[in-house]
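Side chains included, hydrogens not; waters and symmetry mates left out as well; all remaining heavy atoms used. Note that the structure is predicted; figures quoted are calculated from it, not measured. Naming: A, B, ... by sequence-line order, numbering from 1 per chain.
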Number of protein chains: 2
Amino acid sequence: MIQKRTFSIGELSSEFDVTTRSIRFYEDQGLLKPTRRGQTRIFSTKDKVRLKLILRGKRMGFSLAETRELFDLWDETPTGNEKQLLKMLTILSNKRAHMEQQKSDIAMAEMEIDTAEARCREALTELQKKKKQQAPANDEPENIAKKTDNN
Amino acid sequence: MIQKRTFSIGELSSEFDVTTRSIRFYEDQGLLKPTRRGQTRIFSTKDKVRLKLILRGKRMGFSLAETRELFDLWDETPTGNEKQLLKMLTILSNKRAHMEQQKSDIAMAEMEIDTAEARCREALTELQKKKKQQAPANDEPENIAKKTDNN
DNA sequence: CAAATACTTTACGTTAACGTAAACTTACTC
DNA sequence: GAGTAAGTTTACGTTAACGTAAAGTATTTG
């Protein structure tokens, strides 16, 4: 046995930390296509992979409809005609552009977070100074009072 | 005059390609704080900067509520007490983690897009071959038809 | 001064992506 | 065989982020 081939909805739910409601919703929207044993859903590894892609897509800001469109196109790719394939290439190119935008956004945000953190730490040490001035000339070590919980 | 100091809602709307409805909504949610001349909104450069941050935040998957919370915290930072500042540092740390996740997501997506594109191009050249077979026996060199644009 | 242009408020409508509740079926297990 | 755990369907509810329409004001322009 190379791999467990099927999964219950509960297994996927807990593995990816997503509600069963969501998983059923994704099926309803045509993103997952589990088979059935009786009325119980049985998910393949392909479904599992797709679920992972759905969630990553969400984190990247894609709607379910977009992701679904990608899945459908991808399924048609091996048998696709020239027009389909060219459409796929265009979409891929668009995704790339989207990702470049995101990388740029992230880079700028990172810089700003750096300066924000610096400003914060500065304000903190400023507070420490004032504390010292208010409680002057004391031979007990200060760092006992300076304990901070970093939660 | 160093810079134009104020902006109308229409100016911001066209500059950032966002509807006036959205801008008013952002004000309503406490993200922008334009002054008024009569009942007409007058936006400062600070508002303009914040609008840019709002939009970038959206592209990064932040809700307006999250962005608003950041703005509020940021405003309190210079006068903040220790607790406030530590909270800010925690949030900044969370944002960083979020961005690391995103960078990882993007990196994986980029690889998959690469292979998807390769698969597409392969399918395309496969189609070309079949076309040639239907219009056979030609002494022109093959590589003219095999040209690919690597964009 | 009339018409066009750029604003404004109020308020109901819409879409995506689920949450939540109720009522039901299977499958085990004590 | 009663309970409980995991699954199911149906269907109404909810939230965020605006869209859209109506009706009014203020200023500019031909």
Side-chain angles (χ1 to χ4, degrees), chain A residues 4-44 47-48 50-72 98 101-102 105, chain B residues 4-44 47-48 50-72 95 98 102 105:
Chain A
K4 194 186 180 191
R5 286 240 153 280
T6 67
F7 311 86
S8 75
I9 196 171
E11 287 172 318
L12 291 186
S13 167
S14 61
E15 172 163 359
F16 292 106
D17 193 31
V18 60
T19 67
T20 60
R21 175 66 178 92
S22 296
I23 295 179
R24 293 197 190 98
F25 183 74
Y26 299 152
E27 179 191 7
D28 199 59
Q29 301 299 302
L31 290 153
L32 300 177
K33 322 220 164 165
T35 60
R36 302 282 180 133
R37 201 185 63 198
Q39 62 175 4
T40 301
R41 273 163 261 253
I42 301 194
F43 295 89
S44 65
D47 287 315
K48 189 176 162 184
R50 295 216 155 172
L51 181 50
K52 189 186 290 187
L53 290 175
I54 292 168
L55 299 176
R56 194 177 68 198
K58 292 198 65 181
R59 291 195 301 270
M60 294 181 66
F62 296 144
S63 71
L64 295 182
E66 279 175 298
T67 302
R68 188 219 144 110
E69 202 187 353
L70 268 183
F71 285 176
D72 291 350
H98 182 112
Q101 167 73 279
Q102 281 196 138
D105 284 338
Chain B
K4 195 186 179 191
R5 285 239 153 281
T6 68
F7 310 87
S8 76
I9 195 172
E11 286 171 318
L12 291 186
S13 166
S14 61
E15 174 163 356
F16 291 106
D17 194 31
V18 60
T19 67
T20 60
R21 176 67 177 92
S22 295
I23 296 179
R24 292 197 190 97
F25 184 73
Y26 299 153
E27 179 192 6
D28 200 57
Q29 301 299 303
L31 290 154
L32 301 176
K33 321 221 165 167
T35 60
R36 302 284 179 130
R37 202 185 65 198
Q39 64 175 2
T40 301
R41 273 163 262 254
I42 299 194
F43 295 90
S44 66
D47 287 315
K48 190 176 161 183
R50 295 215 153 172
L51 181 51
K52 190 186 290 188
L53 290 176
I54 292 168
L55 299 177
R56 196 176 69 197
K58 292 198 64 180
R59 290 196 301 269
M60 295 180 65
F62 297 144
S63 73
L64 294 183
E66 278 174 299
T67 301
R68 188 218 145 111
E69 202 187 354
L70 268 184
F71 285 176
D72 291 351
K95 298 283 170 193
H98 182 113
Q102 282 196 136
D105 285 337

Using the rule given for side-chain contact (heavy atoms from CB on, under 4.5 Å), can you reason through A:I23 versus A:F16, listing the C-alpha separation, both sets of side-chain angles and the distance that settles it, and then say yes or no? CA-CA 10 Å; A:I23 295 179; A:F16 292 106; over 6 Å; no
Just how far is it from atom CD of B:E66 to atom NE2 of B:H98, taken to the nearest 0.5 Å? 7.5 Å
Quick check: closest heavy atoms across A:L31 and A:R50, and the distance to 0.1 Å? O-CD, 4.0 Å
Determine whether B:F43 and B:E11 make a side-chain contact, defined as any pair of heavy atoms from C-beta on separated by less than 4.5 Å. no
Going 5' to 3' through nucleotides 7-20 of chain D, assign each nucleotide B (protein heavy atom under 4.0 Å from a base atom), S (under 4.0 Å only from sugar-phosphate atoms) or - (no protein heavy atom that close). SBB-B-----BBBB
Answer yes or no: is there a side-chain heavy-atom contact under 4.5 Å between B:F62 and B:R56? no
